[in-house]
There are 2 protein chains.
Amino acid sequence: MGNARRVRETGTLGKLMALLDLVALSDYPMRFTDILSLSDQPRGTLHRQLSHLVEEGLLEVDRDGRYFPGIRLLSLASRSWARNEFRAIAEPHLRLLQERTGETVHLGVLRGIEVIYLDKVEGRQSVRMYSQIGNASPAYCTGVGKAALSVLDDATIGASHAGLQFHAYTEHTHRGIADLLADIAAIRRRGYAFDREEHESGICCVAAPIRSDDGNMLAGVSVTGPAYRVTPEKLEEWAPLVRVAAASIMQDMHSRLGPKR
Amino acid sequence: MGNARRVRETGTLGKLMALLDLVALSDYPMRFTDILSLSDQPRGTLHRQLSHLVEEGLLEVDRDGRYFPGIRLLSLASRSWARNEFRAIAEPHLRLLQERTGETVHLGVLRGIEVIYLDKVEGRQSVRMYSQIGNASPAYCTGVGKAALSVLDDATIGASHAGLQFHAYTEHTHRGIADLLADIAAIRRRGYAFDREEHESGICCVAAPIRSDDGNMLAGVSVTGPAYRVTPEKLEEWAPLVRVAAASIMQDMHSRLGPKR
DNA sequence: AAATTTGGTTCCAAATAATGGAACTTTCAG
DNA sequence: CTGAAAGTTCCATTATTTGGAACCAAATTT
């Protein structure tokens, strides 16, 4: 109640970024009129806004007038990734965890009610990497997300998820805030989270939370794999390893970033 | 001489993006005053601009007041990558080329005088992928860049490189426009480009140009590896394979994108 | 082939947001 | 503790964005 209302509007930039989100996060390419029907801007305004985004390389238009996210985003993002200190600190611990378990290891940060995957370490499979990095998934149905949420109190979680429609990705996905909070209570007791096919059928994981010293950043590490290999027993067996990884990352952050101030 | 002057200013967005570039593309984190000395904005203005970028998640500030590119860029970019049709079309051909040569294969697009790497397919080494994707390198010292430039005429290349200071990455890097144009003339004759340790010591590659039907996009494929494995003979041996890959990609683009209009 | 609809672009007075100089507060160094 | 540097806020002025309507062009119907 009396919850998260935008304190300040970000003016021109905010409007343009909202538009960029609309176009870039859509699953299919949109033409001018499609965008017009989704944004509530007058035609003239929308047209100029799109032109500006295109001129800056944030969007691109093909010859059929369909808009796509532009490659300037890629080059900015590669800097964002390369310069991310947290990711750099975590990396060796992710590799170690990968070696110990043999399964895929993820590092994700909580951003509002979403998890953004910052890094991924895989075994020998030559599977595509970028497909996961930068990807945003709902916190309520991912191991990393629930682990990160478990650091917050129920009121905060409730407020941020107020009015959210929980999407049923699988039959195991939590259907609402009550389910989520019950799970999170268990996660707090255990110190680690499970995802048993809640986001994707046949995929399970164990995750542990990471919080920065200043408490401004919440994140998580996880070990993920196909259900036929990653049995409930395996998940329990790996839980301590995942917690150790999370603890080591926090400690390294503390010694590398903490003392400075 | 009377070269590329910005035709239109992009208003507020343009100024903010220039600032974002300044901070995100820098190699070290900058604090407020560092940025102030590089941008020619008054303090009040700069402060508000940075705040807006931070509020939108495009930049982040740590507790010591240093600015970093924000993770919102990552999630936008992951969509940009996932939705890039050109990349998707090229992918199987890159894999094939990788299998045939055993070395790392790159796909890059020309953007002005820079190459942005769109994809990378490696052999068994578990080396980091994202480190290359999204990365921007000068066209004049990369195989992909020179291959793409070779499609343009000398006047265009000269104009875009006018006044550019060629950075000597290695002792083999071209020192100026004359060197570059001479190399490019050879590339046009052969149909493929070499990079013999011009960008990074000990790294060589062969590359072939790709152009889209509408001529609006120039790109290139390359095979890259360490000089001790990738001998001049190997480069010559692989050149036809690289050209075949480029040709197949162009053909697939034509059949999948061309006919539509 | 003419008429009509749909999709996209341009214009400009009014509304809104950005600007920048100065005052103010905090942090840091000596 | 003091002074200087760094960072933040304020607000009248200035510049940009806004949005309705007119305009143009391509596709579709008659």
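Computed over heavy atoms, backbone and side chain alike; hydrogens, waters and symmetry mates excluded. To find a chain, count down the sequence lines: A is the first, B the second, and so on, and within it residues start at 1. Predicted model only: the values in this text are computed from it and were never measured.
- Heavy-atom nearest nucleotides on DNA chain D were determined for A:Asp40 and for A:Arg43, and the one closer to the 5' end corresponds to A:Asp40.
- Shown here are the side chain to side chain contact (heavy atoms under 4.5 Å, CB included) partners of A:Ala148, two or more places apart in sequence or in another chain: A:Leu110, A:Leu218.
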(message) Using the rule given for salt bridge (Lys or Arg N to Asp or Glu O under 4.0 Å), can you reason through B:Arg79 versus A:Asp27, listing the C-alpha separation, both sets of side-chain angles and the distance that settles it, and then say yes or no?
(response) CA-CA 9 Å; B:Arg79 304 297 299 183; A:Asp27 285 321; 2.8 Å; yes

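- Note: B:Arg48 CZ to B:Glu55 CD = 11.0 Å, rounded to the nearest 0.5 Å.
- Checked against C:dT9, D:dG19, D:dT16, the side chain of B:Lys15 finds its nearest nucleotide in D:dT16.
- Aromatic ring orientation, A:His161 versus A:Phe166: tilted (interplanar angle from 30° to 60°).
- We find that CG of A:Leu46 is positioned 11 Å from P of C:dG8, with the value rounded to whole Å.
- Scanning residues 18-32 of chain B for heavy-atom distances under 4.0 Å to DNA chain D yields B:Arg31, B:Phe32.
- The line from OG of A:Ser78 to CD1 of B:Ile116 is 8.0 Å long, rounded to the nearest 0.5 Å.
- Rounded to a whole Å, the CG atom of B:Asp62 is 15 Å from the C1' atom of D:dG7.
- We find that CG of B:Leu13 is positioned 17 Å from C1' of C:dT19, with the value rounded to whole Å.
- Atom-to-atom, CG of A:Leu50 to C1' of C:dT10 comes out at 15 Å; the value is rounded to the nearest Å.
- The CD atom of B:Glu55 sits 11 Å away from the P atom of C:dA18 (whole-angstrom rounding).
- In terms of position along DNA chain C, the nucleotide closest to A:Gly65 lies nearer the 5' end than the nucleotide closest to the other residue of the pair A:Gly65 and A:Thr12.
- Residue A:Thr45 is classed as a base contact, given a heavy-atom separation below 4.0 Å to a base.
- Distance CZ (B:Arg48) to P (C:dT16): 18 Å, rounded to an integer number of Å.
- Note: NE2 (B:His47) to C1' (C:dA23) measures 15 Å, nearest angstrom.
- One atom, CD of A:Gln49, and another, C1' of D:dT17, lie 9 Å apart when rounded to the nearest Å.
- Remark on DNA chain C: of its neighbouring residues B:Gly44 and A:Thr33, the 5'-side contact belongs to A:Thr33, judged by nearest-heavy-atom nucleotide.
- Taking the six-membered ring where the residue is Trp, A:His199 and A:Tyr169 present perpendicular rings, their angle passing 60° and hence far from 30°.
- Atom CZ of A:Arg87 and atom CD1 of B:Ile71 lie 13.0 Å apart (nearest 0.5 Å).
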